[in-house]
Novice: 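I have a structure here, written as structure tokens, and I will follow up with some questions on it.
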Amino acid sequence: MVEGFRFLPEYFSPAAQRALVVEILSILETNPLYRGAMPRTGKPLSVRNTNLGPLGWVSDIKGYRYQPTHPETGAAWTPIPKALLDLWAAVSDYPHPPQACLVNWYEADSRLGLHIDADETAKDAPVVSVSLGSRALFRLGGLERSSPTSSMRLASGDVVILGGQSRRAYHGVDRIYPDSSTLVPGGGRINLTLRRVTAPNPV
Ligand code: MD6
Ligand code: FE
């Protein structure tokens with residue numbers, strides 16, 4: 001297993017999971033999910049997403065980038081909920097707050113191909129991920145696309161941290177197990193990833 005990977009099963013209690021989902025669903029009313037596209041080809045992404053916080057990760061035909069506003073509404077992204085800021089403070093081992101929380105929404109047939117998270121310039125900060133709703137088959141590899149991979153199921157309330165070497169490891173979601181949870185409407189899955197995007201100013 002690549003160095004710096006951490007798995008915190010059932011970090012959030014069932015009650016805390018429900019509270020987070022209620023908060024996210026309410027946020028989605030004004031900060032809606034939308035469907036991004038692959039750079040160059042414009043092929044629609046399998047997963048719909050939106051963002052929370054000062055910056056949001058956006059993918060469209062022009063490429064991947066972080067921007068301060070929602071690409072469809074033009075509004076600033078909604079702030080990151082306190083429960084997620086508290087999570088970052090507790091587990092990130094990083095002295096500055098996250099700037100972006102990517103909200104990925106999986107339907108029964110959604111997938112996320114093997115990728116590296118490499119659009120952030122704060123390379124020493126981890127990415128902290130929260131799973132809510134249906135279980136997912138998560139695949140973690142190494143620093144090369146051809147590195148051996150291992151798979152694990154991520155369940156509702158689980159937290160995964162990609163820090164250290166694993167911050168640049170390939171990973172993806174091969175499938176979800178729809179209806180393995182009723183927490184997310186439609187039996188879907190929400191994945192939240194907290195990120196520091198820019199390196200903080202030197203003091
Ligand atoms: C997911 N997660 O669990 C996809 N990225 O739906 C990610 O792509 C991810 O879990 C960076 C760090 C942790 C992750
Ligand atoms: Fe990722």
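Positions are given from 1, in the same order as the sequence printed here. Please read these numbers as outputs of a predicted model, since none were measured by experiment. Values below: all heavy atoms of this structure, side chains included; hydrogens, waters and symmetry mates excluded.
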Novice: Just wondering, do Tyr34 and Arg48 contact through their side chains at under 4.5 Å, heavy atoms?
Specialist: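 Result no, sub-4.5 Å side-chain heavy-atom pair not found.
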Novice: How about Val159 and Phe12: do any of their side-chain heavy atoms sit closer than 4.5 Å?
Specialist: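 Val159 reaches Phe12 side chain to side chain.
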Novice: For the pair Ser92 (side chain) and Pro126 (backbone), establish whether a donor and an acceptor sit closer than 3.5 Å, ignoring hydrogens and angles.
Specialist: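 Such a contact is absent between Ser92 side chain and Pro126 backbone.
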Novice: Are the side chain of Gln165 and the backbone of Val2 linked by a donor-acceptor contact shorter than 3.5 Å?
Specialist: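 No; zero donor-acceptor contacts below 3.5 Å.
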Novice: Hey, what do you get for OH (Tyr11) to CG (Leu87), rounding to the nearest 0.5 Å?
Specialist: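 One finds 5.0 Å between OH of Tyr11 and CG of Leu87.
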Novice: Is it the case that one hydrophobic cluster holds both Met152 and Leu114, taking links as side-chain heavy atoms less than 4.5 Å apart, direct or via other members?
Specialist: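 As far as the 4.5 Å side-chain criterion goes, Leu114 and Met152 are not connected within one cluster.
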Novice: Treating Ile, Leu, Val, Met, Phe, Trp and Tyr as nodes and any side-chain heavy-atom pair under 4.5 angstrom as an edge, say whether Leu140 and Val47 lie in one connected cluster.
Specialist: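 Linked, Leu140 and Val47 end up in one cluster.
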Novice: Looking just at side-chain N and O atoms, do His70 and Asn51 make a donor-acceptor pair shorter than 3.5 Å?
Specialist: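 No - no donor-acceptor pair under 3.5 Å links their side chains.
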Novice: Could you state the interatomic distance from CD1 (Ile61) to OG1 (Thr41), rounded to the nearest 0.5 Å?
Specialist: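 Ile61 CD1 to Thr41 OG1: 7.0 Å, rounded to 0.5 Å.
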Novice: Find the distance between OG (Ser134) and OH (Tyr106) and round it off to the nearest 0.5 Å.
Specialist: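 If I round to the nearest 0.5 Å, the distance is 12.5 Å.
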Novice: Hydrophobic clustering (ILVMFWY, side-chain heavy atoms < 4.5 Å, transitive) - are Val21 and Leu194 grouped together?
Specialist: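 The answer is yes; both residues are in one hydrophobic cluster.
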Novice: Looking at side-chain heavy atoms only, is the closest gap between Met1 and Ser150 below 4.5 Å?
Specialist: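 Yes. Closest side-chain heavy atoms under 4.5 Å.
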Novice: Glu120 versus Arg167: any side-chain heavy-atom pair under 4.5 Å?
Specialist: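 In short, these two side chains touch, coming nearer than 4.5 Å.
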Novice: Is there a path of hydrophobic side-chain contacts, each under 4.5 Å between heavy atoms, that joins Val103 and Leu25?
Specialist: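 The answer is yes; both residues are in one hydrophobic cluster.
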Novice: Step by step, would you call Tyr64 with Ser59 a side chain to side chain contact (heavy atoms under 4.5 Å, CB included)?
Specialist: CA-CA 4 Å; Tyr64 303 129; Ser59 177; 3.2 Å; yes
Novice: For residues Thr149 and Arg139, is any side-chain donor paired with an opposing acceptor at under 3.5 Å?
Specialist: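 Judged by distance alone, the side chains do pair up.
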Novice: Can you tell which of Ile116, Asp117, Val127 makes a side chain to side chain contact (heavy atoms under 4.5 Å, CB included) with His171?
Specialist: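 Option passing the side chain to side chain contact (heavy atoms under 4.5 Å, CB included) with His171: Asp117.
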Novice: Please check this pair: side chain of Ser13 against backbone of Ala16, looking for a donor-acceptor N/O pair closer than 3.5 Å.
Specialist: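 Indeed, once roles are kept as given, a pair shorter than 3.5 Å links the two residues.
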Novice: For Tyr94 and Trp88, take the angle between the two ring planes, folded into 0 to 90°, and tell me which bin it lands in: parallel under 30, tilted 30 to 60, perpendicular over 60.
Specialist: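 The arrangement is perpendicular - the two ring planes meet at more than 60°.
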Novice: Does Ser156 use its side chain to pair, donor to acceptor, with the backbone of Gly133 at less than 3.5 Å?
Specialist: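 It does hold such a pair.
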Novice: Going by atom types only, do Thr198 and Gln99 share a side-chain donor-acceptor pair under 3.5 Å?
Specialist: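 Per modelled atom types, Thr198 and Gln99 side chains form a pair under 3.5 Å.
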Novice: If you count every heavy atom of other residues, nucleotides or ligands that lies below 6.0 Å from Glu10 atom CD, does the total exceed 12?
Specialist: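 Not more than 12 within 6.0 Å, no.
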Novice: Nearest heavy-atom pair of Leu52 and Pro79: which atoms, and what distance?
Specialist: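 Nearest heavy atoms, Leu52 then Pro79: CB-O, 4.0 Å.
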Novice: What is the minimum heavy-atom distance between Ser131 and Ala155, and which atoms define it?
Specialist: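 Closest approach of Ser131 to Ala155, heavy atoms only: CB-O, 3.6 Å.
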Novice: Report yes if some heavy atom in the side chain of Val184 is under 4.5 Å from a heavy atom in the side chain of Arg189; otherwise report no.
Specialist: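 Contact flag for Val184/Arg189 side chains = no.
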Novice: Closer than 3.5 angstrom, by distance alone: can the side chain of Arg111 be matched with the main-chain N or O of Asp174 as a donor-acceptor pair?
Specialist: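 Yes, Arg111 side chain to Asp174 backbone: donor-acceptor pair under 3.5 Å.
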Novice: Write down the atom of Pro68, the atom of Leu55, and the distance for their closest heavy-atom approach.
Specialist: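 Heavy-atom minimum between the residues: N-CD2, 4.1 Å.
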Novice: Output, in order, the C-alpha distance, side-chain angles, deciding distance and verdict of side chain to side chain contact (heavy atoms under 4.5 Å, CB included) for Asn104 and Asn49.
Specialist: CA-CA 5 Å; Asn104 276 338; Asn49 70 66; 3.3 Å; yes
Novice: Please report the interatomic distance CH2(Trp57) to SG(Cys101), rounded to the nearest 0.5 Å.
Specialist: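 Here the interatomic distance stands at 13.5 Å.
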Novice: Assess the residue pair Arg195 and Thr193 against the criterion (side-chain hydrogen bond (donor to acceptor under 3.5 Å, both in side chains)); give the C-alpha distance rounded to whole Å, side-chain angles, the decisive distance to 0.1 Å, and a yes or no.
Specialist: CA-CA 6 Å; Arg195 299 126 186 283; Thr193 40; 3.0 Å; yes
Novice: State whether the number of non-hydrogen atoms from other residues, nucleotides or ligands found under 6.0 Å of Arg35 atom CZ is greater than 12.
Specialist: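 Yes, enclosed.
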Novice: If we ignore hydrogens and angles and just use 3.5 Å, is the side chain of Arg65 paired with the main-chain N or O of Asp119 as donor and acceptor?
Specialist: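 No; judged by distance alone, with no hydrogens or angles, the pair does not exist.
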Novice: Is there a side chain to side chain contact (heavy atoms under 4.5 Å, CB included) between Leu84 and Lys82? Walk through the geometry before answering.
Specialist: CA-CA 5 Å; Leu84 298 173; Lys82 178 167 188 302; over 6 Å; no
Novice: Of the non-hydrogen atoms in His96 and Pro200, which two are nearest, and what is the gap between them?
Specialist: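 For His96 and Pro200, the tightest heavy-atom pair comes out as CD2-CG, 3.2 Å.
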Novice: Mind listing the closest non-hydrogen atom pair of Pro81 and Glu23 along with its distance?
Specialist: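 Result for this residue pair: CB-OE2, 3.4 Å.
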Novice: How far apart are the closest heavy atoms of Ala118 and Arg168, and which atoms are they?
Specialist: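 Heavy atoms only, the tightest pair is CA-CZ, 4.4 Å.
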Novice: With a 4.5 Å cut-off on side-chain heavy atoms, are Leu154 and Arg135 touching?
Specialist: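 No. Closest side-chain heavy atoms not under 4.5 Å.
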Novice: Is there a donor-acceptor pair closer than 3.5 Å between any side-chain N or O of Ser180 and the backbone N or O of Tyr177?
Specialist: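 Confirmed, Ser180 side chain pairs with Tyr177 backbone.
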Novice: Does Phe5 share a hydrophobic cluster with Val128, counting links as ILVMFWY side-chain heavy atoms below 4.5 Å and allowing steps through other members?
Specialist: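 No, Phe5 does not connect to Val128 through the hydrophobic network.
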Novice: Report yes if some heavy atom in the side chain of Leu183 is under 4.5 Å from a heavy atom in the side chain of Ile190; otherwise report no.
Specialist: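 Answer no - side chains too far apart.
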Novice: Could you tell me the separation between the CD1 atom of Ile80 and the CG atom of Leu85, rounded to the nearest 0.5 Å?
Specialist: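 Rounded to the nearest 0.5 Å, the CD1-CG separation comes to 5.5 Å.
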Novice: Indicate whether any N or O donor in one side chain lies under 3.5 Å from an N or O acceptor in the other, for Thr50 and Asn31.
Specialist: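 The criterion, which ignores hydrogens and geometry beyond distance, is satisfied for Asn31 and Thr50.
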Novice: Is the closest side-chain heavy-atom distance between Trp77 and Thr69 below 4.5 Å?
Specialist: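 Contact flag for Trp77/Thr69 side chains = no.
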Novice: Evaluate the criterion side chain to side chain contact (heavy atoms under 4.5 Å, CB included) for residue pair Leu192 and Ser129; output intermediate values, then yes/no.
Specialist: CA-CA 5 Å; Leu192 307 167; Ser129 146; over 6 Å; no
Novice: Answer yes or no: does atom CD of Glu3 have more than 12 heavy-atom neighbours from other residues, nucleotides or ligands under 6.0 Å?
Specialist: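 Buried by this count: over 12 neighbours within 6.0 Å.
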Novice: Out of curiosity, Asn191 CG to Leu102 CG, how far, rounded to the nearest 0.5 Å?
Specialist: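 Going from the CG atom of Asn191 to the CG atom of Leu102 covers 7.5 Å.
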